[in-house]
Number of protein chains: 2
Amino acid sequence: MNKTTYLGELEQMILLVVLGQGDDAYGISIRNELDKRVGRKLSRSAAYTTLERLVSKGYLLTRMGDPDARRGGRAKRYYGLSAKGRAALRASGRALFELWAGHEHLLEEA
Amino acid sequence: MNKTTYLGELEQMILLVVLGQGDDAYGISIRNELDKRVGRKLSRSAAYTTLERLVSKGYLLTRMGDPDARRGGRAKRYYGLSAKGRAALRASGRALFELWAGHEHLLEEA
DNA sequence: GTTCATTTGTCAATTGTGTAGACAAAATGC
DNA sequence: GCATTTTGTCTACACAATTGACAAATGAAC
């Protein structure tokens, strides 16, 4: 069987954002939401490199958008979670929640 | 000011375990708890490498244990969170909880 | 007090993850 | 056609995670 690997810190965040954006997740929207929600700044290339890695690991599926975008610019590449991606996200989420249990008070400090 | 960096996936888990173990956290106990609680297996050297990195970043403080251990073996090196370590942990915890919000149901799947 | 097993920690080298910067494709408006 | 906007790709590097071999420091056996 496969050797178990773990999601990197950014990989996990990106999977979560893709999950939240449903069918509308593409490079720039993911990058923007990460900044807006948690202040995580990424260059475009950092986002794409990680997205591509997640695709090649089988955690994300991808497809090119329709070429008829209305407002100029290149076609979007959309991303969505695979079953394997959901499973990986679930596993790392469970581990984190387990380890955080009992320490939630720390989150409330100034 | 410092360029902002982020805790790696393992770094975060290790800080959480150190936080939980209070004054008793040392290399092997940390490694064992990670395995026991969340099934995360680490070689000893993987644990120490990461602990050392966290020390050099200023997230952990360390001291050698008393040399009078009762049951043989080398003296233990103990670890504890610094204020900076608590702050880093808080920041990454907040980001994770924010991104997980609304997706908790995923954690309950088979 | 030398040898043995046990427990813990260190080092060197490699692979995997995250980052930035320069570049280019594909569309629109003039 | 040419400039502008939006999005994606490529190359190269820095940082994080992992392994395997090694060694220090103690107690126990003799």
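Predicted, not measured: the structure shown is a model, and the values here were computed from it. Letters go in sequence order (proteins before strands), and every chain restarts at 1.
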* **Closest non-hydrogen atom pair between Tyr6(B) and Glu11(B), with its separation** => O-OE1, 4.1 Å
* Asked: Any donor and acceptor pair, going by atom type alone, linking the side chain of Thr50(B) with main-chain N or O of Ala46(B) inside 3.5 Å?
  -> yes
* With distance as the sole test, does Glu104(A) use its side chain to make a donor-acceptor pair with the main-chain N or O of Gly102(A) at under 3.5 Å? -> yes
* Rounded to the nearest angstrom, tell me the gap between atom CZ in Arg74(A) and atom C1' in dA25(C). => 4 Å
* **Polar pair under 3.5 Å, donor/acceptor by atom type, side chain Arg44(A), base dT7(D)** => yes
* Glu52(B) CD to dC11(C) P, straight-line distance once rounded to whole Å -> 9 Å
* To do: Say whether Leu60(A) and Met64(A) are linked into one hydrophobic cluster, either directly or through other cluster members, by side-chain heavy-atom distances under 4.5 angstrom.
  => no
* Nearest-angstrom distance from the residue atom NZ of Lys76(B) to C1' of dT10(C) -> 18 Å
* Pairwise distance CG(Leu96(B)) to CE(Met13(A)) - rounded to 0.5 angstrom -> 5.5 Å
* Expressed in angstrom and rounded to an integer, what is the separation of Ile28(B) atom CD1 from dT7(C) atom C1'? -> 7 Å
Show me the protein contacts with nucleotides 12-17 of chain D, counting only N or O atoms at under 3.5 Å.
residue	atom	partner	partner atom	Å
dA16(D)	OP1	Lys57(B)	NZ	2.8
dA17(D)	OP1	Glu9(B)	N	3.0
dA17(D)	OP1	Leu10(B)	N	3.0
dA17(D)	OP2	Arg53(B)	NH1	2.7
dA17(D)	N7	Arg53(B)	NH2	3.2

* To do: Starting at atom OH of Tyr26(B), determine the distance to atom P of dA25(D), rounded to an integer number of angstrom.
  => 18 Å
* To do: To the nearest Å, give me how far apart OH (Tyr79(B)) and C1' (dT8(C)) are.
  => 10 Å
* Give the rounded distance in Å between these two atoms: CG of Leu51(A) and P of dT17(C). => 14 Å
* **Nearest-angstrom distance from the residue atom CZ of Arg77(B) to P of dA23(D)** => 19 Å
* Closest heavy-atom pair and its distance - Leu7(A), Tyr59(A) -> CD2-CE1, 3.7 Å
* Side-chain N or O of Ser43(B) closer than 4.0 Å to phosphate OP1/OP2 of dT19(D) -> yes
